[in-house]
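For reference, the structure discussed in these notes is given below.
Atoms within a ligand are numbered from 1 in the order they appear, just like the ligands themselves.
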Amino acid sequence: MFESLSQRLSSTVQRLRGRGRLTEDNIREALREVRVALLEADVALPVVQALVERIKVRAIGQEVLKSLTPGQALIKVVRDELTKLMGSAADELNLNVPAPAVILMAGLQGAGKTTTVGKLAKLLKERRKKKVMVVSCDVYRPAAIKQLETLAQQVDVLFFPSSTGQAPVDIAKAAVSEARKQFVDVLLVDTAGRLAIDPAMMDEIKKLHAGLDPVETLFVVDSMTGQDAATTARAFADALPLTGVVLTKTDGDARGGAALSVRYVTGRPIKFIGTAEKMDGLDVFHPDRVASRILD
Ligand code: GDP
C-alpha cells in the first residue's frame with residue numbers, strides 16, 4: 001500500500017535538513033506530496049483534506065527533537081496521524097451476549113458478503129470453538145441462498161434454509177429461534193445487496209436490524225471500489241448503527257485508500273480484511289501495520 005509515499009517524501013524532506021523547526025513554509029511542499037500520494041492511493045478527497053490539515057497543525061512549530069532531522073519529524077507526525085485515524089489496535093468481534101449472538105452483514109451486491117459469512121463461520125468455528133449457524137435473507141436471488149448453502153457445507157457449519165417467497169425479517173426470526181433450540185453460539189445473517197445504494201435495500205436492512213437486535217452489524221465493502229467505498233460507507237453508516245467493517249478483496253487492491261476512507265467515514269473499526277477468495281482468506285485487520293506500510 002502507498003509504497004511511494006516515503007520515496008516521494010524523501011527528496012522534499014532532504015531539503016528540510018538543517019532547519020530547526022517545521023514551518024508552514026518549509027513543509028508546504030512535503031504536505032503536497034502527502035496529499036498527492038494519498039489521492040493516488042484512492043483515499044477519498046474529504047479524508048485526504050482532513051488528514052493533511054491535522055498533519056499540518058501538528059507539524060508546524062514543533063521543535064525538532066535533537067535525535068530527529070526535520071524530515072524524520074514530519075514523517076513521524078504523518079505516521080502518528082495515520083495510526084490514530086486507523087485506530088490503535090486490532091478489534092475483535094463482540095460475542096458477549098446470551099446465545100445466539102447475531103451478526104448481521106450489510107453491503108452492496110458483489111461486495112463479498114456471502115463469501116465473508118463463510119469465512120467468518122470457519123474462523124469462529126475453528127479459532128473460537130463456536131457452534132455456528134448461517135442464514136441468507138436474500139430473497140431476490142435464489143443463487144445467493146444456494147451459494148451460502150454450499151459454503152456452509154464446505155466449512156461444515158449449520159445452514160438454516162430460506163426461500164424467495166418469504167419476508168427477510170421472518171426468515172431471520174425463524175433462524176434465531178432454531179439457533180436457540182440447537183444451542184448455537186453465533187448466527188450469521190447474510191442479507192440482500194443491490195448494485196448501488198437504493199432506498200428499498202436500506203429500508204429492508206434497517207427492518208432486519210430492528211427485528212434482530214444484532215450484537216455486531218458489519219459493513220462489508222470491496223476495497224477495490226476506491227473512492228466509491230467512502231460514499232457507500234457513508235450511506236450504510238447513516239442507516240445503521242454499524243459496529244465494524246470488513247474490507248474485502250485486499251489481495252487485488254494495490255492502492256489501499258479504501259481502508260483510510262471507510263475508517264474515517266464510518267468512525268468504526270475495520271475488524272477483518274479479505275485476502276483471498278478461499279475460505280481461509282480472512283485476516284484480522286491491524287491498523288498499525290497500515291501506517292507502517294504506507295511509510296516504510
Ligand atoms: P455478495 O454479493 O456481497 O454476497 O458477494 P460475494 O460473496 O458473492 O462475492 C463476490 C465475488 O467476490 C465472488 O466472486 C467472491 O469470490 C469474491 N470475493 C469475496 N471476497 C474476496 C476476497 O477477499 N478476495 C478475492 N480475491 N475475492 C473475493
Side-chain angles (χ1 to χ4, degrees), residues 1 42 90 93 103-124 132 134-155 157 159-162 164 168 171-172 175 187-198 200-202 204-205 208-209 214 216-226 228-229 231-233 235-237 239-240 242 244-259 262-263 266 270-286 289-290 293:
M1 273 192 221
D42 233 349
L93 286 177
I103 301 181
L104 181 66
M105 312 296 282
L108 293 182
Q109 186 175 319
K113 283 186 303 303
T114 307
T115 309
T116 303
V117 167
K119 291 173 176 181
L120 270 178
K122 181 172 162 47
L123 180 147
L124 288 166
V132 180
V134 300
V135 61
S136 172
C137 295
D138 190 344
V139 295
Y140 313 99
R141 294 190 310 142
I145 301 177
K146 186 72 204 156
Q147 184 192 352
L148 186 62
E149 183 172 18
T150 307
L151 291 177
Q153 280 164 0
Q154 203 180 318
V155 301
V157 298
F159 170 77
F160 185 82
S162 46
T164 51
I171 296 172
L187 174 67
L188 294 166
V189 181
D190 196 7
T191 61
R194 300 278 199 285
L195 292 174
I197 296 296
D198 159 318
M201 168 181 68
M202 286 304 181
E204 181 177 300
I205 190 94
L208 272 169
H209 185 276
E216 291 273 2
T217 302
L218 300 178
F219 168 58
V220 181
V221 61
D222 178 345
S223 63
M224 294 202 287
T225 57
D228 284 345
T231 318
T232 316
F236 276 91
L240 293 170
L242 303 175
V245 177
V246 181
L247 194 63
T248 63
K249 311 185 200 179
T250 60
D251 47 314
D253 175 35
R255 296 165 300 182
V262 171
R263 178 70 176 88
T266 62
I270 296 170
K271 296 202 170 182
F272 296 96
I273 56 170
T275 56
E277 278 189 85
K278 53 188 196 321
M279 286 297 103
D280 54 6
L282 189 73
D283 280 348
V284 170
F285 179 69
H286 291 281
R289 287 185 198 163
V290 176
R293 270 170 81 181

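- By heavy-atom distance, the residue among G110, G193, G107 lying nearest atom 10 (C) of ligand 1 is G110.
- For a threshold of 3.5 Å applied to N or O pairs, the pair formed by T116 and ligand 1 contains no separation below that value.
- Nearest protein heavy-atom contact of atom 6 (P) of ligand 1 is T115 OG1, 3.5 Å.
- Each of the atoms 2 (O) of ligand 1 lies under 4.0 Å from some heavy atom of R141.
- Atoms CZ and CE, from R194 and M202 in turn, are 10.0 Å apart once rounded to the nearest 0.5 Å.
- Within ligand 1, the atoms closer than 4.0 Å to a non-hydrogen atom of L108 are 3 (O), numbered from 1 in the order shown.
- D251 OD1, 2.9 Å is the protein heavy atom nearest to atom 24 (N) of ligand 1.
- Near G274, meaning under 4.0 Å from one of its heavy atoms, ligand 1 places the atoms 23 (O).
- For S136 against I145, the heavy-atom pair with the smallest separation is OG-CG1, 3.6 Å.
- Counting heavy atoms under 4.0 Å from ligand 1, residue A276 touches it through the backbone alone.
- If you number the atoms of ligand 1 from 1 as listed, the ones under 4.0 Å from a heavy atom of A111 come out as 3 (O), 5 (O).
- Under 4.0 Å from ligand 1, not a single heavy atom of R194 appears.
- The closest protein non-hydrogen atom to atom 3 (O) of ligand 1 is K113 N, 2.7 Å.
- Looking only at atom types and distance, the side chain of Y140 has a donor-acceptor partner in the side chain of E204 under 3.5 Å away.
- Looking at E277, Q147, Q109, K249, it is K249 that brings a heavy atom closest to atom 11 (C) of ligand 1.
- Counting heavy atoms closer than 4.0 Å to ligand 1, residue K278 contributes nothing at all.
- Shown in contact with T275 at under 4.0 Å from a heavy atom are these atoms of ligand 1, numbered in order with element: 23 (O).
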